[in-house]
Peer 1: 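Below is the structure I would like to discuss, written out as structure tokens.
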Amino acid sequence: MTQRIALVTGSARGIGRACAEALAATGHSVVGVDVIEQDRGPMDRVLTADLALPETTDRLLAEVGRVDVLVNNAAVLVEKPIEETTLAEFDLTIAVNLRAPFLLSRAFGAGMRERGWGRIVNIASIAARTGGTSQVAAYGASKAGLVALTKNFARNYGPDGVTVNVVCPAGILTPMADSQERNNPGSRATSVAQFALRRHAEPSEIATVVGFLASDGAAYMTGATIDVNGGWFMY
């Protein structure tokens, strides 16, 4: 079998980095994409790209070519009350968190369908389930949209052997979570009491789930929303 190629967005740190490491460890040739520069680490290739720009998809398709596993992880989080959230901030959040996964899944998914095998894994959030806190209206809306988008792609791509699933994490120790703690000191300690497991998670614990969804073992899973939140939200 030809070595499978995995493209991970937001691969410079946090969940994206952990996913890139997990996929590389299981034999994938990993291409990491982020808006900031990053060290290559276990990845075979890294690219700097702004997913807020729609033309970025065509550039990545031209530069990368075949992709067998696509992990749409890159995200923007604006923490502001609704009244203070600008239109530009709302549009940026939707562009990166929802439009980019749509464009990338469509672009790279076409090749997956032709080859009769593919995996698309979207990273959403507990905010997709709950709407998020009062400070993250745009983020919550974008992640809820990503859950719906996942189901639609799953229905369209399933007959061609391509699975599409979405993971909804919460309480992960990432730079994004660090930013939330800086904006709301003490929120991390307060929130841990809401987790059934009474702890936060490492990014690698999300990457383990993503790695499974990207494998042959998950061949009969598609359109699924997987909550990985330590028992904070149960549905």
Peer 1: Examine the side chains of S105 and N72 and answer whether a donor and an acceptor come within less than 3.5 Å of each other.
Peer 2: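 Side chains of S105 and N72: pair found under 3.5 Å.
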Peer 1: Please determine whether side chain to side chain contact (heavy atoms under 4.5 Å, CB included) holds for the pair Q38 and M43, giving the CA-CA distance in whole Å, both sets of side-chain angles, and the decisive distance to 0.1 Å.
Peer 2: CA-CA 11 Å; Q38 58 183 313; M43 295 177 281; 3.3 Å; yes
Peer 1: Using the rule that Ile, Leu, Val, Met, Phe, Trp and Tyr join whenever any side-chain heavy atoms are under 4.5 Å apart, tell me whether V121 and L7 fall into a single cluster.
Peer 2: no
Peer 1: Working to the nearest 0.5 angstrom, can you tell me the gap between R4 CZ and R66 CZ?
Peer 2: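 Rounded to the nearest 0.5 Å, the CZ-CZ separation comes to 9.5 Å.
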Peer 1: So which heavy atom on W117 is nearest to which on A214, and how close?
Peer 2: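 It is CH2-O, 3.6 Å.
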Peer 1: Would you call I172 and I15 a side-chain contact if the rule is heavy atoms closer than 4.5 Å?
Peer 2: yes
Peer 1: What's the shortest heavy-atom distance between A218 and T163, and which atoms?
Peer 2: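 Taking A218 first and T163 second, the nearest heavy atoms are O-CG2, 4.3 Å.
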Peer 1: When clusters are formed by joining ILVMFWY residues with side-chain heavy atoms under 4.5 Å apart, either directly or through shared neighbours, do V30 and V64 land in the same one?
Peer 2: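 No, separate clusters.
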Peer 1: Can you tell if the side chain of I36 reaches within under 4.5 Å of the side chain of R13, non-hydrogen atoms only?
Peer 2: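 Sidechains of R13 and I36: in contact.
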Peer 1: Measuring from R119:CZ to Y157:OH, what's the distance to the nearest 0.5 Å?
Peer 2: 15.0 Å
Peer 1: If we only count heavy atoms from C-beta on, is the V96 to V35 side-chain gap below 4.5 Å?
Peer 2: no
Peer 1: I'd like to know if R115 pairs up with D68 as an ion pair, taking the criterion as any Lys NZ or Arg NE/NH1/NH2 lying under 4.0 Å from an Asp or Glu carboxylate oxygen.
Peer 2: yes
Peer 1: Taking N122 for the side chain and V167 for the main chain, is one N or O donor matched with an acceptor at less than 3.5 Å?
Peer 2: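 No: the side chain of N122 does not pair with the backbone of V167.
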Peer 1: Between T56 and D50, do the side chains contain a donor N or O and an acceptor N or O under 3.5 Å apart?
Peer 2: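 Distance-only check fails for D50 and T56.
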Peer 1: Of the options I123, L146, N73, which is the one that meets P101 in a side-chain contact (heavy atoms from CB on, under 4.5 Å)?
Peer 2: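 Of I123, L146, N73, side-chain contact (heavy atoms from CB on, under 4.5 Å) with P101 is met by L146 alone.
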Peer 1: Using 4.0 Å as the upper bound for N to carboxylate O, is an ion pair formed by D39 and R17?
Peer 2: yes
Peer 1: Between D160 and R113, does any side-chain N to carboxylate O distance fall below 4.0 Å?
Peer 2: yes
Peer 1: Passes side chain to side chain contact (heavy atoms under 4.5 Å, CB included), L103 versus R99? Steps please.
Peer 2: CA-CA 6 Å; L103 294 174; R99 186 180 68 192; 4.0 Å; yes
Peer 1: With side chains defined as the heavy atoms from C-beta onward, is the minimum distance between R199 and F195 less than 4.5 Å?
Peer 2: no
Peer 1: Please check if the side chain of H28 supplies one atom and the backbone of I5 the other of a donor-acceptor pair under 3.5 Å.
Peer 2: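 Not a single qualifying donor-acceptor pair exists.
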Peer 1: So does E202 get a backbone contact from the side chain of E205, meaning a donor-acceptor N/O pair under 3.5 Å?
Peer 2: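 Judged by distance alone, yes, a pair lies under 3.5 Å.
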Peer 1: Please check if the number of heavy atoms outside E84 that lie under 6.0 Å from its CD is greater than 12.
Peer 2: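 More than 12 within 6.0 Å, yes.
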Peer 1: Might you point out which heavy atoms bring G14 and P203 nearest each other, and give the distance in Å?
Peer 2: O-CB, 3.6 Å
Peer 1: Please tell me whether V210 and L149 are part of a single hydrophobic cluster in this structure, the criterion being side-chain heavy atoms less than 4.5 Å apart.
Peer 2: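 The answer is no; the residues belong to distinct hydrophobic clusters.
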Peer 1: Are side-chain heavy atoms of T150 and V147 found at a separation under 4.5 Å?
Peer 2: no
Peer 1: To the nearest 0.5 Å, tell me how far M234 CE sits from D227 CG.
Peer 2: 10.0 Å
Peer 1: Are R129 and W232 in a cation-pi contact, defined as NZ or CZ under 6.0 Å from the six-membered ring centre and within 45° of the axis?
Peer 2: no
Peer 1: Taking atom CG as the centre, does L197 end up with more than 12 heavy-atom neighbours from other residues, nucleotides or ligands that are less than 6.0 angstrom away?
Peer 2: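 Enclosed.
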Peer 1: Identify the heavy atoms of D34 and S11 that sit nearest to each other, and give their distance.
Peer 2: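 Scanning both residues completely, I find the closest heavy atoms to be OD2-N, 3.2 Å.
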Peer 1: If you take all heavy atoms of A138 and I94, which pair is closest and at what distance?
Peer 2: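 For A138 versus I94, the nearest heavy atoms are O-CD1, 4.4 Å.
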Peer 1: Give a yes or no answer on whether the side chain of E63 reaches the backbone of L60 with a donor-acceptor pair at less than 3.5 Å.
Peer 2: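 No, because the side chain of E63 does not come within donor-acceptor range (under 3.5 Å) of the backbone of L60.
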Peer 1: Less than 4.0 Å between a side-chain N and a carboxylate O, is that true for R59 and E55?
Peer 2: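 So E55 does not pair with R59 through a salt bridge.
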Peer 1: Using a distance-only test with no angle check, is there a side-chain donor-acceptor pair under 3.5 angstrom linking S29 and D44?
Peer 2: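 Side chains of S29 and D44: pair found under 3.5 Å.
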Peer 1: Show the nearest heavy-atom pair for residues A207 and A22, with the distance to one decimal.
Peer 2: CB-CB, 4.0 Å
Peer 1: How long is the straight-line distance from CZ of F90 back to OG1 of T85, given to the nearest 0.5 Å?
Peer 2: 9.0 Å
Peer 1: How many angstroms lie between OH in Y139 and OG1 in T93, if you round to the nearest 0.5 Å?
Peer 2: 10.0 Å
Peer 1: Walk me through it: do L213 and I226 pass the test side chain to side chain contact (heavy atoms under 4.5 Å, CB included)?
Peer 2: CA-CA 10 Å; L213 293 173; I226 297 110; 3.8 Å; yes
Peer 1: Are L51 and I120 joined in one hydrophobic group, where the rule is that I, L, V, M, F, W and Y side chains link up if heavy atoms are under 4.5 Å apart?
Peer 2: yes
Peer 1: Between CD of Q135 and CG of L77, what distance do you get to the nearest 0.5 Å?
Peer 2: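 It is 10.5 Å, given to the nearest 0.5 Å.
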Peer 1: Say whether, by atom type as modelled, one donor and one acceptor occur between the side chain of S125 and the main chain of C168 under 3.5 angstrom.
Peer 2: no
Peer 1: V31, L104: one ILVMFWY side-chain cluster at the under-4.5 Å cut-off?
Peer 2: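 In one cluster: yes.
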Peer 1: Evaluate the criterion side chain to side chain contact (heavy atoms under 4.5 Å, CB included) for residue pair V76 and N97; output intermediate values, then yes/no.
Peer 2: CA-CA 7 Å; V76 168; N97 298 6; 4.0 Å; yes
